[in-house]
Structures are given as structure tokens and as C-alpha cells.
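Position 1 is the first residue of the sequence; numbering continues from there. Atoms considered below: every heavy atom in the structure, side chains included; atoms not considered: hydrogens, waters and symmetry mates.
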Amino acid sequence: MEEDLNDVVRMALSESGDPESVAQDLARQLMHPHLGCVLFFCSAEYDLPALANALEQYFGGVRLVGCTTAGEITPQGYGRGCVSAIGFDHRSFSIAAARIDALDSFSLLDAQQVVAQLAEECRGSSREPISGHSFALTLLDGLSSREELVLSALNAAFGRIPHFGGSAGDDNHLTRTHVYHDGRFHTGAAVVVLVHTALDFEVFTTHHMQPLDEKLVVTAADPASRTVFELNAEPAALEYARLLGLDPQQLDLKTFALHPLAVRLGEQHYVRSIQRVNEDLSLTFYCAVENGIVLTAMQPGPLLPNLQALFDGLEQRLGPLLLTIGCDCFLRRMEVEARGLVADTAGLLVRQRVIGFNTYGEQFNGMHINQTFTGVAIGRPGRGLCR
């Protein structure tokens, strides 16, 4: 059965630190006569120009798309300082990709042109209609602070096409993140990938955060820079620290991972993760936060049962999974590591054939969200039950 699955997708991992050896490793595991596209996720610690050159050398003629990460999800579970990749057979997947360079000025018209271009390219190699048989993946520069702008335009242009994605990371340095397209790594850019397939699939998102009673009102903020200056009319870091019973100097990434804030939309809470404390005691977030919104204090619930319930539901609807492409917030991974859940969580990801990366933010049907596990599950050939 595994050989049959490898005719449709192949998964690969290279833990080498040498770019040429990485390209050799991936080519050895992925190359076959029907390889149409490779999606990869790599550590930002590599010599990226050298890695780009090596990949182009070993995969000449094959479409390559990827990004840098805050940690990798590989065929063997969690990874760091490595490259994980997926190879798609062009007989089962028609894949088109486009790059967006001008994130600041990206408009609805631009989005419509991008989506039309991608749909036309996919339509040319398939008899199936695009709607109902396609999903989109977006990879964005995770430090651009432009996810909301780009996703809003793309969401309108995609119409009924479901889409998900992740913001590229840089191993938690928060200095420079990259997406890969057309033979090079790019900053200040995004890549949009349209995947057309006759296989059944489901785009999903989940989180394990639970609301508490405490509320914080944003009383001074700059949404463009994602900076909150005041909460409840007090310096934001002081008020957040007071909520937790901590000194502001104790606020760090682990604290942010275990004590997030969220905005409530309808019956759902969407986490707005904190990136850092600034010298003026303001807080910079990974998502835009606007004046006047109410933030709810959250606490982690059981992570593994939430993840298992997600996959149980996916398997009921799709059958055993061929592949899951996962965008997992790096703060979730920090929690997994802090709570000693690495082996159990990684084991579940391996069993569900998850390949992906730890992100600086996730994207789901036009929304930019935090501290979620978001992605697409694809059913095996002949095993799907429903869309």
C-alpha cells in the first residue's frame, strides 16, 4: 500500500547542514518521472542563496515553493535546523504558484488577477472544474505585518475556494523571514499556491485555548504596526503582567504561549498572540489589534485530545489520510516542549502523515490567526467519503 501512496505523494527529510547535501537528499527521496511540484519548509539557519542554487540544480524543471520556519514538521516528527518536503505527482495534483512582491499596495484587483492566473494554469491540465476540487496555500513573510491586507483581498478573490497558510519564521530570531519562489528566497513577499486535485480534502483549523473571565480593553493601539500601547487605560505590558500576577520583566515567549489573549467573534475566540514587550511598555502582537476591541484572557486546555479529536473527525469524513500539510504556531510547539509532550505529539503527527512547519501566524479562509494548528488533510485515492 505504501508504494501506491508514493505514486501520489512522497515525503522527504534532510538533516544535513550543507546546502548541496540537502538538495541531494531531497532529490534522492522525491525525484521520479511524474514529479510535478515540491513544497518544502527549511530552517532559516541555512546559507539560503546556496540552498536556492543547489535546489535549482537538482530539481531543474520541477516547480519548487517553500519558506523558512520557526521549526519543521517532518516525516519523523518535530525537527530543527533541517528541511522537510513533499513531492506531488502531476497526475494527481495540478499545482500553480505566483509571488506577490508589493504587499503594501496589494489590492482586490491584484488578487483577482493572481487567482485568475492560477486557475487558468490549473484548468489547462485538468478536466475537473476548479471550484470544489481546489484549495489554496499562502506563505507570507512572517515579519511583514501585511497578512491582514493580503488575506482580505485574496479571500474575496478566491470565492468558494478554501485556503490556509502560514507566516514564515526564522528560528525565533524575529529578524528576517523568507519565502521561496522561482529559484530564489524573497523577503517582503508572499507566495500563493493553488492545488487542483480529484482527491478528497478538507481545510481545517483548531486550537485548544479556553476563555477565562478576565477582559482587557484596548484603549490605545496602532494596528499598522500591531502595537498596543494601553490596556484598560494603563501601559499595556503593566496591565498584562498585573493580570498574570507577574513583574513586567518576567514576560517572555513562554509566558505569551501559556497566557494568550483572544478576540471573540460570534461564538469563537481567535487568539491574538503577543510577540514582544517594548521599551515603552507597549506590546507588539503577531496580528493586528485595533482600538476599542475587548481581549479575553485565555488558558491552554488539553492539547493532545484536541488534536486527536481533529484527526478522528477528518478520518471519519475522508478515510485514512494520504497527507496533511500543517501550519502549527511556534508558540504551540513551545508549549508542547514546556509540558513534556514532544514525543506523544510528534507520534500523532507522524501517524497522520503531517508535513509542515512552525509559523509566526496562521491563515484560514481570509483570517490571520495565532496559536492554532491549521492546514489541509487529503484523503487517499479511492478512499474519500465526502468533500
Side-chain angles (χ1 to χ4, degrees), residues 6 9-33 35-90 95 97-101 137-144 165-193 323 325-328 330 333 346 354-360:
N6 280 338
V9 295
R10 294 186 181 182
M11 301 185 292
L13 163 67
S14 177
E15 297 180 290
S16 173
D18 173 63
E20 184 164 355
S21 296
V22 168
Q24 289 177 337
D25 288 345
L26 298 183
R28 185 179 66 253
Q29 296 171 67
L30 298 178
M31 286 296 286
H32 63 90
L35 179 64
C37 180
V38 171
L39 174 65
F40 72 90
F41 308 103
C42 70
S43 166
E45 301 297 332
Y46 284 101
D47 179 336
L48 295 180
L51 180 59
N53 290 336
L55 290 172
E56 287 300 306
Q57 176 186 347
Y58 282 87
F59 287 93
V62 175
R63 186 187 303 278
L64 289 154
V65 177
C67 70
T68 57
T69 77
E72 300 77 52
I73 303 175
T74 81
Q76 299 177 14
Y78 288 122
R80 284 204 189 279
C82 63
V83 181
S84 61
I86 311 161
F88 296 91
D89 190 317
H90 69 76
I95 299 177
R99 188 175 74 251
I100 303 167
D101 290 313
L137 163 67
T138 47
L139 301 173
L140 284 95
D141 180 330
L143 298 177
S144 67
S167 299
D170 65 346
D171 298 287
N172 302 351
H173 295 306
L174 299 175
T175 55
R176 198 169 178 83
T177 61
H178 299 77
V179 296
Y180 180 95
H181 179 263
D182 198 22
R184 291 179 49 216
F185 285 92
H186 305 263
T187 60
V191 178
V192 185
V193 183
L323 171 73
I325 305 173
C327 301
D328 196 26
F330 84 105
R333 178 158 173 176
V354 179
I355 296 287
F357 72 112
N358 297 116
T359 75
Y360 283 173

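Between the side chain of Asn358 and the backbone N or O of Asp328 there is at least one donor-acceptor pair closer than 3.5 Å. Using modelled atom types, no side-chain atom of Asp170 and backbone atom of Ala44 make a donor-acceptor pair closer than 3.5 Å. Judged by distance alone, the side chain of Glu15 and the main-chain N or O of Gly81 form no donor-acceptor pair under 3.5 Å. Panel note: side chain Gln29, backbone Leu13; a donor-acceptor pair is recorded below 3.5 Å. Within the 3.5 Å criterion, the main-chain N or O of Met31 finds a donor-acceptor partner in the side chain of Arg10.
Among all heavy-atom pairs drawn from Arg184 and Ala52, the shortest one is CA-CB, 4.3 Å. Contact detail for Leu51 and Cys42: the closest heavy-atom pair is CD2-SG, 4.0 Å. The minimum heavy-atom distance linking Tyr360 with His173 is given by the pair OH-N, 3.6 Å. The shortest non-hydrogen separation linking Val22 to Ser16 is CG2-O, 3.4 Å. In terms of heavy-atom proximity, Pro19 sits nearest to Asp47 at CG-O, 4.1 Å. Nearest heavy atoms, Gly87 versus Leu30: N-CD2, 3.7 Å.
Qualifying ring pair (Phe, Tyr, Trp, His ring centres under 6.0 Å) partners for Phe185, counting only residues two or more places apart in sequence or in other chains: Tyr180. Under the rule for a salt bridge (charged side-chain N to carboxylate O under 4.0 Å, His left out), the partners of Arg28 that lie at least two apart in sequence or sit in another chain are Asp25. Considering only residues two or more places apart in sequence or on other chains, Asp18 meets the salt bridge (charged side-chain N to carboxylate O under 4.0 Å, His left out) condition with none of them.
Within the model, atoms CZ of Phe59 and SG of Cys37 stand 11.0 Å from one another, a figure rounded to the nearest 0.5 Å. Summarising the geometry, atom CG belonging to Asp171 is positioned 10.0 Å from atom OH belonging to Tyr46; distances are rounded to the nearest 0.5 Å. Atom SG of Cys67 and atom CZ of Phe41 lie 6.0 Å apart (nearest 0.5 Å). Between the CD1 atom in Ile355 and the CG atom in Leu323 there is a gap of 7.0 Å [rounded to 0.5 Å]. Atom CD1 of Ile95 sits about 11.5 Å away from atom NE2 of His90, to the nearest 0.5 Å. Atoms OG1 and CG, from Thr359 and Leu140 in turn, are 11.0 Å apart once rounded to the nearest 0.5 Å.
Side-chain contact, Thr177 with Asp141: a donor N or O sits under 3.5 Å from an acceptor N or O.
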| message | What verdict does the side chain to side chain contact (heavy atoms under 4.5 Å, CB included) test give for Leu26 and Leu64, after you've listed the backbone C-alpha separation in whole Å, the side-chain angles of each residue and the deciding distance to 0.1 Å? | response | CA-CA 12 Å; Leu26 298 183; Leu64 289 154; over 6 Å; no
| task | For side chain to side chain contact (heavy atoms under 4.5 Å, CB included), just list the numbers for Leu143 and Thr187, CA-CA rounded to whole Å, side-chain angles, deciding distance to a tenth of an Å, and then say yes or no. | result | CA-CA 9 Å; Leu143 298 177; Thr187 60; over 6 Å; no
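The neighbour count for Arg80 CZ, taken as heavy atoms of other residues, nucleotides or ligands under 6.0 Å away, is above 12.
Contact of the Leu39 side chain with the Leu139 side chain is registered, since non-hydrogen atoms from C-beta on lie closer than 4.5 Å.
Relative ring orientation between His186 and His181 is described as tilted, the plane-to-plane angle lying within the 30° to 60° band.
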